[in-house]
Every structure is written in C-alpha cells, then in structure tokens.
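Small disclaimer: the values here were computed from a predicted structure and weren't measured. Here is how names work: the chains are called A, B, and so on, in the same order as the sequence lines, proteins then strands, and each is numbered from 1. Keep in mind that the numbers below use all heavy atoms, side chains included, and drop hydrogens, waters and symmetry copies.
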Number of protein chains: 2
Amino acid sequence: MKIHAKNLFGKIYQIDFLNYFYPTMDTHKELEDFIVNGSKTYIPHISLDCAIFGYHDHQLKILISMLKGLDGFCLPGGYIKRTETLDEAAGRIVKERSAITGLYLQQYKTFGDPDRVKWSDLDTEKLMKLPGFKKLKNSWLMDQTISIGYYAITDFSLVKPQPDFMSVSCAWFDIEKMPDLLFDHNQMVSEALQTLRLQLYYYPIAGKLLPKKFTLTEIHAVYETLLNKRLDIRNFPKKLIFLGLINKLNEKRNIGPHRAPFLYTFNNRKYKKALELGIDLS
Amino acid sequence: MKIHAKNLFGKIYQIDFLNYFYPTMDTHKELEDFIVNGSKTYIPHISLDCAIFGYHDHQLKILISMLKGLDGFCLPGGYIKRTETLDEAAGRIVKERSAITGLYLQQYKTFGDPDRVKWSDLDTEKLMKLPGFKKLKNSWLMDQTISIGYYAITDFSLVKPQPDFMSVSCAWFDIEKMPDLLFDHNQMVSEALQTLRLQLYYYPIAGKLLPKKFTLTEIHAVYETLLNKRLDIRNFPKKLIFLGLINKLNEKRNIGPHRAPFLYTFNNRKYKKALELGIDLS
DNA sequence: TGTCTATCTGGTAAATTTTACCAAATGAAG
DNA sequence: CTTCATTTGGTAAAATTTACCAGATAGACA
C-alpha cells in the first residue's frame, strides 16, 4: 500500500504502509457504537496522545497512525475510561491502536489551546458519508478537547505495530522523515522528544532499548542516537560502569574480524532504583 | 475568624483566618448561574488547581482556600474557559480565587485517578440546602473530573489573598502546618513542591521572591529555605556571580551593628535567557 | 603461522569544577 | 577605640570531567 504524504517542510513523498487495515462490517458497528455511546464509558473533552519513539541500530523512529476518515497522520491517541487511571489509559490506548504492550509510558504535558484542533483539518460532511460515521455530527466527539501527552521508547525491531478498528494504519517513521501531523501533534512530538532527552540524563530509560546482554559500543550508540550528539567513546561507558549501573560479564560477542567486545547487563537493583530516584548521567 | 482544622497527621488545631468572606445575595445568584449554565462557558470534566508557594524571610508558605459549602481546605482551583489557553486559565483562576496577579505559573502534572475526588468528602444533600446550591444535583459539576496541576512561587508579604464568590476564605499557611486537604490535593502539593525544587536548579525562579536589589545573604536564604537544605555560604553566591546571573551594585544596605553587605540585582538579559533555556545551579 | 586491520579497552595526564574553610574587612554599638 | 557579628576575598585540596594514547584482541588473509 502506497500513500502520499507531505513532510514538515511541505515536500510531498511516497510512503510504503505495511500495516494497512481493511475495515470490515464488524468494525463499522463498533465504530458507530463508540460514536453514539462512547461518553458513557469514556470521559468526554479529554483525550490522551502518545509519542512512541523506537530505536534500533543507530536509528530513531516514531510510531504514527492514520485514523479512519482523517486525511492525514497523527499520534496514536484515544479517550480515557471512567474507571481507569491516566497511566492505565495510556497503556490501553497504545495497545488498542498499535498492539504494542509493556511500554514504560511517561506523562509529560497536557495540551489545551482552544485552537489546538484545527477543525478545518476535518471535513465532517465527508466523514459522515463513510460507513460507521453517520452519527458523528453533534456527538460527544465533536466538542472541544484537551489532550494529555505521554511518551515512551522501545526497540522498534521487536514490535510490529498492528492497527485496530479506529486506525487505518500504523507504522514506524524515521524521525527525520516524519510527515506533517494533524492538529497540534507536531508540537506534541517536539516537546516529547525534548522531555525524553532531558530525562535520559536522569533516568536510565535506555535499558528498554537493549537486549539483556549488550556491548559498551551498543549502549554508547543508543545514547548518541537519542540525544543526537557525540559522547566520548571511552568516558561515557566508563561512567556507567563507575555508577554501577551496568555489570561486566565474562562473555564476549563475535563481531567478525575485530576484537570481540565484552558483554554487559544492567545492574537490576541499581537500574530500578535509578528509574525511581533519578541519577545524573550528564 | 477562628477555624478548627486538622493537619496531615490528624492533629486538630485552630487557625486564624484573616480573610473570611461573607457571602451576599449577589454571590448566591452568581453561584447558581455558574452551576446551571457554567458548562456553556467552561469545559466540563476538567479542572485546574494551583499550588502557590509563598516565601518570605526564611519561611515557606502555601496558599490554601476554603470553598463555599465544603467542610475542608483545598488548593485554589477552577474550570477552563472554552476560549482560553491552559496558562491563561491558570492565571485567571488564581486571580479570581485569591486576587493575586502576575504569577509565573508552571504546569507540572495532570491528575486523573478515577478516585481522586472522594465523594464521601462531599455531602451533596447538605450542600443543596445552602443558598445558591439548590440545583447542584445532576449538574455538570457532579461528573468525574481530571485536574491539571500548576504551581507558582511568590513573595507572600507582598500579596494579600482575597477570596471571591466561590471561596469562603483564602490564606497563607506555613508549609509545615498545612492542614489536611480534600480530594487528592495533598498529593498535588507534594508533587508540586518536588517539581519546584527540581526546577530551582535549572530555572532562576527565585528572582520572583526578592526585591530589585538584594544581598547575597538574602538570595542564599531563599535557596536554602525553598530547597530545605544547607548550601555553602561562600560558594553558592559565588556561583551566581560567576554565571553572570547577578550583578554587584555600588551600594550597601544598613543592617545594624554589622558590616554592611553590598547590594546585587539580577542580570536581566541572562536571567530571562536562563528562565527560557535553563541553567545549571546544582 | 604470521601479518594486517579495525575495533575494543585500560590507563593517565590535563583541565575544570566543586568543596571546604581561613582570615581580613567592615560598620555600628558600647 | 575596642568589641562583635557579619560579610567577603581568597586559596588549597578534593573530586570530576575531558581528552586521548597505546596496547590488546579476533578474525581475515597470505
């Protein structure tokens, strides 16, 4: 499935969408029920959007979804159930939109500008002609909404996003090639990335991006890619060791015609403590 | 006006409320209109609560209000107008509840646990017998609400809080003697203070707490009180000077029978830049 | 089996920052 | 003019960060 998209600078280019979703009758029913009765289950006027970053082998990507009926891209998002906490809602929403589970999701900011949703981005008349959408007008979904922003980071090679009944598709984009997003979602991504980079210095969230056993070069690359800056190849890993955050193993990895590097693991006790209390890696 | 309150450890003690507010007929009308028609002006399901810290002369206080009809204390809070940004709403709400203006308000977290408002804290039957409250039941105010937390810091000696038509009273409390608050407001205060202390290292928000011209001892005391820890009396001010954040003046202040200290001012350019970009004071 | 190459890693010197704290300067009171 | 509490210039020691050299190493290849 090929889709034309434009990036932040207005340039149009083609995207290959692997996870295109073909709606069925069942999903139309589900959608209509959501539009008509959703406000019994969900709290109106508040949504929750997640900026999910994916790292693998020097690349930083972001999970973007395309919602049914919307001509454009946005962050995977949804509404909060009346019975769940915000953190629970974030986890459920990501799971529903993308089938990704087990993320370490972090609330970072709530967005509430009155013009954050440009209604000109939405063609309600056109939408209502689509199956499942005919009762959209005057529904609870059409009122002003404030959105709570969450972010997470994961290894994108390990998770294949799968769209659900609300999403047409869902895929990883190179952070540099992210298309222009609807509403205020460009700003959400930019502020999420800023927060991620700050928190990286205090919380060892990079642990989520590496296999159980990894080399110093690998963890060094994670930090360089996420922060988008160079870190001294000797001093940075030494600091991690000095802080006791990682432990050297008595194993090596075969990397072809070069010296085999030692493997390391996170020191689980220190790692968990640092996730809670923070630590200074700067 | 004396009020009995209990602190976080359950101990009951007496509080002298200077700013007690005597409701008039007008305010009852205003209140009823707010209950019946408020959701036309305000976004339902979302409130905004402000933890306003006040510093003066080695003391740290917090602004607590008592809302009409509620038997207990809470943070000054309110609802967001459909036409304003969150930051604007925060400013307006503080102004309405306490008559304080010009604060540097900072969003820090959104609270949304389904049980954050303990309904047992509210006696609706009793409330509805109070003037202005009779249409409360089934109103937009009785549905589940998520709250956006803001904090600010100011010099409490310069501002006399004044309650409005929603508040019965409004006063500064010593942070150590803060009474137990309704709903999840204890947690809000604790997380606001934690954020304030963290941000203090990166943003020179203490500038809001000092007169135009101040001594090194004064700015040193501000930081020690806010952080609740000791900072070296020589090295800390020296760092501020080294960073160029403050400038020495050619004036001294008379402090009785001791050596007269020099006065300093904030370097406005550096100060504003640091407020925006951050700076490391740790 | 020895050489080559690219990478990994122990180590260390230099630069910078932080910490600790001495002692002189000061201004008014007695 | 002495006394006292406080302010402030200065500096030595400790700790941390930065820069980077050079030896170790594993497989490829002759």
Take atom [atom1] of [X] and atom [atom2] of [N], then tell me their distance rounded to the nearest Å.
| X | N | atom1 | atom2 | answer |
| --- | --- | --- | --- | --- |
| Arg253(A) | dT25(D) | CZ | C1' | 17 Å |
| Leu231(A) | dA19(D) | CG | C1' | 14 Å |
| Leu240(B) | dT8(D) | CG | P | 13 Å |
| Leu216(B) | dG9(D) | CG | P | 8 Å |
| Asn235(B) | dT11(D) | CG | C1' | 11 Å |
| Leu263(B) | dT7(D) | CG | C1' | 13 Å |
| Arg234(B) | dG9(D) | CZ | C1' | 7 Å |
| Ile233(B) | dC22(C) | CD1 | C1' | 14 Å |

Residues in salt bridge (Lys or Arg N to Asp or Glu O under 4.0 Å) contact with Lys213(A), at least two apart in sequence or another chain: Glu251(A)

Of the candidate nucleotides [options], which contains the atom at the shortest distance from the side chain of [X]?
| X | options | result |
| --- | --- | --- |
| Pro261(B) | dC20(D), dC22(C), dT7(D) | dT7(D) |
| Pro257(B) | dA19(D), dT7(C), dA29(C) | dA29(C) |
| Arg259(B) | dA25(C), dC22(C), dA24(D) | dA25(C) |
| Asp232(B) | dT9(C), dT8(D), dA20(C) | dA20(C) |
| Ala260(B) | dG27(C), dT8(D), dT7(C) | dG27(C) |
| Ile255(A) | dA20(C), dT7(C), dA26(D) | dT7(C) |
| Lys248(A) | dA20(C), dG10(C), dA26(D) | dG10(C) |

Check: Asp87(A)/Thr85(A) side-chain N/O donor and acceptor closer than 3.5 Å: no

Contact summary for Trp172(B) and Ile52(B), nearest pair of heavy atoms: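 Where Trp172(B) meets Ile52(B) most closely, the heavy atoms are CZ3-O, 3.5 Å.
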
Lys252(A) side-chain N/O to dT25(D) phosphate OP1/OP2 under 4.0 Å: no

N or O in side chain of Asn254(B) less than 4.0 angstrom from dA28(C) OP1/OP2: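 Checking Asn254(B) against dA28(C): at least one side-chain N or O falls below 4.0 Å of OP1 or OP2.
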
Within-4.5 Å side-chain heavy-atom neighbours: Asp184(B) and Asp113(B): no

Touch class at under 4.0 angstrom, heavy-atom based, for Lys238(A) against every strand present: base

Touch class at under 4.0 angstrom, heavy-atom based, for Thr217(A) against every strand present: sugar-phosphate

Test item: Tyr223(A) side-chain N/O and Leu226(A) main-chain N/O as donor-acceptor pair under 3.5 Å: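 No; zero donor-acceptor contacts below 3.5 Å.
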
